[in-house]
Amino acid sequence: ESQKLKEAENHDQMFLKFWTAKEASYKSRGGKSIKDFELVGISPDGNVITMQDQSSRFKVYTGVKDDHIYSFTVPELGLD
């Protein structure tokens with residue numbers, strides 16, 4: 001995650017996208033440990049972030065509207 005932040009043009013915006021992506025994933029799993037989630041991929045435009053915990057992978061769609069960052073997630077697949 002820190003390497004992706006270093007590479008980002010807009011560091012502050014990308015930091016908030018990562019943060020909200022982790023929050024969206026965490027909340028979609030019922031609020032289990034947020035530390036279990038890691039970033040495993042990001043689209044070239046930075047608007048789709050892939051997060052993963054021990055059993056699931058999530059695509060998190062992010063964007064900016066009226067200077068606000070938003071994120072929502074859709075479960076991608078089980079890793080059983």
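For the numbers below, each heavy atom of this structure counts, side chains included, while hydrogens, waters and symmetry mates do not.
- By the 4.5 Å heavy-atom criterion applied to side chains, Gln52 and Thr50 are not counted as neighbours.
- Summarising the geometry, atom OG belonging to Ser25 is positioned 12.0 Å from atom CZ belonging to Arg57; distances are rounded to the nearest 0.5 Å.
- Side chain of Asp66 to backbone of His68: no donor-acceptor contact under 3.5 angstrom is found.
- Atom-to-atom distance recorded for Lys22:NZ and Leu39:CG is 8.5 Å, nearest 0.5 angstrom.
- Residues Tyr70 and Thr62 form no side-chain contact, since every pair of their non-hydrogen atoms from C-beta on lies 4.5 Å or further apart.
- Scanning both residues, Arg29 and Ser56, for their nearest heavy atoms gives NH1-OG, 3.5 Å.
- Here the side chain of Ser71 pairs no donor or acceptor atom with the backbone of Val60 at under 3.5 angstrom.
- Interatomic distance, Thr20 OG1 to Phe15 CZ, rounded to the nearest 0.5 Å: 10.0 Å.
- When side chains are defined from C-beta on, Met51 does not count as touching Thr73, because their heavy atoms never get closer than 4.5 Å.
- Here Tyr61 pairs with Phe72 under the ring-ring contact (aromatic ring centres under 6.0 Å, His included) rule; sequence neighbours left out.
- Tyr26 and Val40 fall into different hydrophobic clusters, defined by Ile, Leu, Val, Met, Phe, Trp and Tyr side-chain heavy atoms under 4.5 Å apart, directly or through other members.
- Here the CG atom belonging to Leu16 is positioned 11.5 Å from the CD atom belonging to Glu23, to the nearest 0.5 angstrom.
- Atom CD1 of Ile49 and atom CD1 of Ile42 lie 4.5 Å apart (nearest 0.5 Å).
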